[in-house]
**Student:** 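Can you read through this structure? Questions will come right after.
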Amino acid sequence: MLITKFLHNCLNEALQKLIDEQNITNFNPPEYVVEKPKNKNHGDYATNLPMQLAKTFNENPINIANKIKDNIDENDIEEVSVANPGFINFKLSKSWLEKEILKCIGQKDDFGNQNEKNKKVQVEFVSVNPTGKLHLGHIRGAVIGSTISNVLESQNVSVTREYYVNDAGNQIDFFCESIIERIKELQGKKFIITEEMYGGIDIIDISKKIISKYPDYQNYNFSEITEDEIENLKKISIEICINEIMTDLKSLNISHDNWFYESSLIDSKYLDETIDILSKLNLVYIKDGATWIKTEELGDDRDNVLFKSTNKKPTYFATDIAYHRDKFKERFFDNVINVWGSDHHGHIKRMKLILEKLEINPDNLDVILNQIVSLKSNNKTVKFSKRSGNSIFLSEIVEEIGADACRFSFLSRSSESQMEIDLDLFKSKSSENPVFYIQYAHARLCSILKKANEKHFDFESKKILSLKTNEEINLAKKIAEYPELLHRVSKNYGVHELTFFALELSQLIQKFYENNRVFDNDSNNKEITKSRLIITKASKITLANLLSLMGMSSPEEM
RNA sequence: GCCCCUGUAGCUCAGAGGAUAGAGCACCGGUUUCCUAAACCGGGUGUCCCGUGUUCGAAUCACGGCAGGGGCGCCA
């Protein structure tokens, strides 16, 4: 059981006893927290419960705290103390801690995992238009989405990682036009890149790949191209582009379970069916040749267009409505998590309003907005633009600083804080990235375990564990906290907490390593060696599990 | 004009009702016959953007400002 849950239970029981004793009726238990206090002198965990009760009990919180304290009787808690202005502090017993460490050894790769009820959750992330290669601005959502997926999976959630491919809008038309012009360029012919086209060098790259895979385009005469052939080239361009995106994502240790094509919603008539439902709800009307939806009536700022007047094609919003209906009504996801760039925030409200009309609980859709990543150079902010070609590609970053350092950097900021990256600083600092410190800690543990193996030290069968030094105890406490961390992150999606935990855990490991020799020349100390090998093993398990959830490697040597 | 996010140490950022506000980096000094020195130990005088309020208690909540970013398309 999670520590905080255990302590909550203890407190609730003690509180119930108190209420029974005092014959209090109509009692509403207050919201209170059990958390690790900032100051270690206040114990391992603390609660503010007495202060929250002060008003309803009309009594001094210290008195309440003492009464609750008297009602707590638990073997696993070594010490319960009351502190001003009304905290109850807990110190957990060493035997409890030792039990947790042995549990970790037993569970190995599963340590930290939970067996909650098996929910079905979809995480949709990246979903960048297939109109070029991924760049710096796309890394954040990719890293956050994949990490959330990993954490949820550890909590026994059945996760589908999905990429929504916007292959139906007019951006694709511009993309295809850009490809045609670049192929013409490669043919040595006249070409024009207009402002609305994609001018980045990645398009040249993709064009080259198209020619090498489909050599017919080598000498193709585009002045006579038919509609059908344009459609064909569009398909090919998207295919090649998606391949590039997949390769880039793979370099960051990311893969999706499902690639969902926007066009499939149109081809299957699922979009029309969905709009029909909204029509029957009297939410759809035609004005100025376009089809509109009455979102203002539902509470949005204004109405929105579903089908454009110019070509009767659906807008992004229209297909996205059908897409989300599909997620809930056809594929029965209990929860859907969308990792979106903050520029989509206006989209959330109207999507939720429509979901409600489609009899889907909007609370089952969580949107994680990550704030924009901007680039700073010479104290000036540079804006990314795919179209102007003003971007740094994901592949360049990964090549330069490595996937692990890249993931760590983007993971270590909370998603709602803006990131302004000075690229030169970002690259030059990469060797000082905390990820190497963390991995070094892991390598050092492996080195000890390797030595134990060489010496045929059997420390796992008899499991002797006796925590003595401060370093051992502090490290063990951190390890015991790990399942709590995963549970919390799976609820609040604050994946940046993982990086901070990894760093703190590594610091404790390094301190343990420096000050608590595992192998000693004195053969009388075999018991200590065995005990420390257990802690070493547990630390390695925890750190490796955590690194794996963050999508990073755990090197055994550095 | 309306909506969203952000403002905390020199820099990059955690902390989001609770006790003395933290970490990484940078900077200064020390540590190696011994499991990896990519390490360890020591060194922090902060207007928590400003103001007013709510509360036993505010960096955290409310209201009003200031500053930066994003959104308010028949783009996606």
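Per chain, numbering begins at 1; letters A, B, ... match sequence-line order.
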**Student:** With the criterion being N/O to N/O and under 3.5 Å, what pairs connect the protein with nucleotides 28-31 of chain B, and how long is each?
**Tutor:**
none

**Student:** Using the P atom as the reference point in each nucleotide, state the distance between B/A16 and B/A59 in Å, no decimals.
**Tutor:** 14 Å
**Student:** Between B/G24 and B/G65, how many Å separate the two P atoms, rounded to a whole number?
**Tutor:** 40 Å
**Student:** Looking across every strand, which nucleic acid part, if any, lies under 4.0 Å from A/Gln52 by heavy atom: base, sugar-phosphate, or nothing?
**Tutor:** base
**Student:** Among B/C72, B/G70, B/A19, which is the nearest nucleotide to the side chain of A/His345?
**Tutor:** B/G70
**Student:** Have a look at A/Asn39 and say if it touches a base, only the backbone sugar-phosphate, or nothing, with a 4.0 Å heavy-atom cut-off.
**Tutor:** base
**Student:** With hydrogens left out and only the distance checked, is there a donor-acceptor pair under 3.5 Å joining A/Asp343's side chain and the base of B/G70?
**Tutor:** no
**Student:** For nucleotides 39-42 of chain B, which of its nitrogen or oxygen atoms have a protein nitrogen or oxygen under 3.5 Å away, and what is each distance?
**Tutor:**
{"unit_1": "B/A39", "atom_1": "O2'", "unit_2": "A/Arg444", "atom_2": "NH1", "d": "2.7"}
{"unit_1": "B/A39", "atom_1": "O2'", "unit_2": "A/Glu514", "atom_2": "OE2", "d": "2.6"}
{"unit_1": "B/C40", "atom_1": "OP1", "unit_2": "A/Tyr437", "atom_2": "OH", "d": "2.3"}
{"unit_1": "B/C41", "atom_1": "OP1", "unit_2": "A/Lys511", "atom_2": "NZ", "d": "3.3"}

**Student:** With the threshold set at under 4.0 Å for non-hydrogen atoms, list the residues of residues 468-475 of chain A touching RNA chain B in residue-number order.
**Tutor:** none
**Student:** Who are the side-chain hydrogen bond (donor to acceptor under 3.5 Å, both in side chains) partners of A/Asn338, not counting sequence neighbours?
**Tutor:** A/His324, A/Lys327
**Student:** Which nucleotide, in any strand shown, forms a Watson-Crick or G-U wobble pair with B/C63, with both distances under 3.5 Å?
**Tutor:** B/G51
**Student:** If a protein heavy atom is under 4.0 Å from the base, mark B; if only from the sugar-phosphate, S; if neither, -; do that for nucleotides 5-16 of chain B going 5' to 3'.
**Tutor:** BS-----SSSS-
**Student:** Give one of base, sugar-phosphate or nothing for A/Pro85, where a contact means two heavy atoms less than 4.0 Å apart.
**Tutor:** base
**Student:** What contact category does A/Asn516 fall into here, base, sugar-phosphate, or nothing, at under 4.0 angstrom with non-hydrogen atoms?
**Tutor:** base
**Student:** Apply salt bridge (Lys or Arg N to Asp or Glu O under 4.0 Å) to A/Asp303 and list each qualifying residue two or more places apart in sequence or on a separate chain.
**Tutor:** none
**Student:** List for me each residue that meets side-chain contact (heavy atoms from CB on, under 4.5 Å) alongside A/Val80, sequence neighbours excluded, and say none if there are none.
**Tutor:** A/Lys69, A/Ile72, A/Ile77, A/Ile88, A/Phe90
**Student:** Which pairs count as salt bridge (charged side-chain N to carboxylate O under 4.0 Å, His left out) when at least one residue sits in residues 42-51 of chain A, sequence neighbours excluded?
**Tutor:** A/Asp44-A/Lys477
**Student:** Determine the contact category for A/Asn370: base if any of its heavy atoms lies under 4.0 Å from a base atom, sugar-phosphate if only primed atoms, P, OP1 or OP2 are that close, otherwise nothing.
**Tutor:** nothing
**Student:** Within less than 4.0 Å of OP1 or OP2 of B/C74, is there a side-chain N or O belonging to A/Lys312?
**Tutor:** no
**Student:** Looking at residues at least two apart in the chain, or sitting in another chain, which of them share a salt bridge (Lys or Arg N to Asp or Glu O under 4.0 Å) with A/Arg413?
**Tutor:** none
**Student:** What do you reckon, do A/Phe87 and the base of B/G18 stack, with centroid distance below 5.5 Å and planes below 30°?
**Tutor:** no
**Student:** Quick one: salt bridge (Lys or Arg N to Asp or Glu O under 4.0 Å) partners of A/Lys36, sequence neighbours excluded?
**Tutor:** A/Glu481
**Student:** When you measure only distances, ignoring hydrogens and angles, does the side chain of A/Ser342 come within 3.5 Å of the base of B/C4 through a donor and an acceptor?
**Tutor:** no
**Student:** Using the side-chain hydrogen bond (donor to acceptor under 3.5 Å, both in side chains) criterion, which residues pair with A/Asn48? Sequence neighbours excluded.
**Tutor:** none
**Student:** Taking salt bridge (Lys or Arg N to Asp or Glu O under 4.0 Å) as the definition, give me every residue that meets it alongside A/Glu460, ordered by chain and number, with sequence neighbours left out.
**Tutor:** A/Lys537
**Student:** Please determine whether a side-chain nitrogen or oxygen atom of A/Asn170 lies at a distance below 4.0 Å from atom OP1 or OP2 of B/A76.
**Tutor:** yes
**Student:** Kindly say if A/Arg350 contacts the phosphate of B/C72, meaning a side-chain N or O under 4.0 Å from OP1 or OP2.
**Tutor:** no
**Student:** Which is true for A/Leu449 with a 4.0 Å heavy-atom rule: it touches a base, it touches only sugar-phosphate, or it touches nothing?
**Tutor:** nothing
